[in-house]
Amino acid sequence: MEIRLDPSVTPLDLNHTLGCGQVFRWAREGDWWYGVAGGKALKIGLFGDRLRFQASPTGGDTSHFVGRYFRLDDDLPLIASEINRDEHIDAALQAFHGLRIVRQEPWECLVSYACATYKNIPAVKGMIHSLSRRFGERITLEGRPFHAFPRPEDLAGADPKELRECGLGFRAGRILEIAGLVAEGEFDPEGLRGADCEAARRRLMSLPGVGPKVADCVLLFSLDRLDAFPVDIWVRRIVLESYPDHFEQSFIEKVLNRKSITPGEYREIGSFARRYFGRYAGYAQEYLYHYKRSSKTISISLSRPSDY
DNA sequence: ACATCCCCTTAGCC
DNA sequence: AGGCTAAGGGGAT
């Protein structure tokens, strides 16, 4: 199957989009990306203006799913023009033309970013991969095994020891607790979509292992809150170093010299970003984040997992 | 080889 | 409010 994309209207770059660190379930093989999303194994590639893909199991409207997943409904040229306020973000926008925020499933996104606490991206990928292989439904695509992300009830009934064996460490108990609440219907990640943004954020932060940063990631990457602005160690540095005129000098020194930031400092950086970049601040975050990291990171994983 | 630091942070304590 | 610390383990330096 394929979708035609006019690059001037709907720019898309799969390498930037799937490789920027926002999703943990994709791997590139030559011209194709293989991954799992929405309970399906997917193979996808962009050839000129043709976005080609294949899904397993077949059934359902895959084109519709792909369009939603890659947020092809976002007017990226408009978004880029709105957030392009200065030379820093302009450089990032040019370098990663076609990078899109993807629309993940809230449940998977919540668990993924709760696992990402104090872990680097390769490690998070390893955790999500292990969890899926052990607890997720097995799917076959082109004769190769893939694994859906586990359902809440799959994890809720797990032995904490098993979760730790997936590399979760101290996160195991938190994930187990979250899974229990979701499986019992006491917490509905999908239902947050209809809630007021601040209320959704508070709800998320009521969960164990979910602080401001994780909550903002879930809002941005799965709940369509494109003004959410997750502030991690990289974004903190980027914002304070690139936009020093918008903060007190003492604030910059204090925040850059410490390992962690207080909730008040987190709020100050986020509210600056929303004021400065506007309603698509989350897109600005992702471009700046990827731009800064790609210049410092040379590592490209050459490992080929035997399955997903 | 080996030590050390870092990691898309949070929670719990003071 | 805000400062401090601990928490797997793997990868980078």
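No hydrogens, no waters, no symmetry mates; every other heavy atom, side chains included, goes into these values. Chain naming here is simple, since letters A, B, ... match the order of the sequence lines and numbering starts at 1 in each.
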_Trp32(A) ring center near Phe47(A) ring center (under 6.0 Å)_ = yes
*asked:* If you compare every side-chain N and O of Arg237(A) against the phosphate oxygens of dC7(B) (OP1, OP2), does one of them come in below 4.0 Å?
replied: yes
*asked:* Looking at Lys119(A) and dG10(C), is any side-chain donor or acceptor paired with a base atom of the opposite kind under 3.5 Å?
replied: no
*Do the numbers put Lys292(A) on top of the ring of Trp234(A), so that NZ or CZ is under 6.0 Å from the six-membered ring centre and no more than 45° off the axis?*
no
*Identify whether NZ of Lys or CZ of Arg in Arg28(A) sits under 6.0 Å from the centre of the six-membered ring of Tyr34(A) and within 45° of that ring's axis.*
no
*Nucleotide paired to dT13(C) in any strand shown, Watson-Crick or G-U, under 3.5 Å*: dA3(B)
*Counting only Watson-Crick or G-U wobble pairs whose two distances fall under 3.5 Å, which nucleotide matches dG12(B)?*
dC4(C)
*When syn is taken as a glycosidic angle within 90 degrees of 0, is dG8(C) syn or anti?*
syn
Of the options [options], whose atoms approach the side-chain atoms of [X] most closely?
{"X": "Thr262(A)", "options": "dC8(B), dG2(C), dT10(B)", "value": "dG2(C)"}
{"X": "Thr117(A)", "options": "dG8(C), dT10(B), dG2(C)", "value": "dT10(B)"}
{"X": "Phe170(A)", "options": "dT9(B), dT10(B), dA7(C)", "value": "dA7(C)"}
{"X": "Arg258(A)", "options": "dC8(B), dA7(C), dG3(C)", "value": "dG3(C)"}
{"X": "Tyr118(A)", "options": "dC7(B), dT10(B), dG3(C)", "value": "dC7(B)"}

*Between dT9(B) atom P and Ile261(A) atom CD1, what is the distance in whole Å?*
10 Å
*Kindly indicate, with the supporting measurements, whether the criterion side chain to side chain donor-acceptor pair (under 3.5 Å) is fulfilled by Tyr276(A) and Asp86(A).*
CA-CA 10 Å; Tyr276(A) 186 76; Asp86(A) 59 76; 2.7 Å; yes
_Below 4.0 angstrom, which residues in residues 211-228 of chain A have at least one non-hydrogen atom near DNA chain B?_
Gly211(A), Pro212(A), Lys213(A), Val214(A)
*Write down the distance separating the P atoms in dC5(B) and dT5(C), rounded off to the nearest Å.*
14 Å
Which is true for [X] with a 4.0 Å heavy-atom rule: it touches a base, it touches only sugar-phosphate, or it touches nothing?
{"X": "Val235(A)", "value": "nothing"}
{"X": "Lys259(A)", "value": "base"}
{"X": "Pro263(A)", "value": "nothing"}

_Is the shortest side-chain heavy-atom distance between Phe149(A) and Trp107(A) below 4.5 Å?_
yes
*Report yes if the side chains of Lys213(A) and Asp216(A) come closer than 4.5 Å at any heavy-atom pair, otherwise no.*
no
*In terms of the angle between their ring planes, are Tyr243(A) and His246(A) parallel, tilted or perpendicular, with boundaries placed at 30° and 60°?*
perpendicular
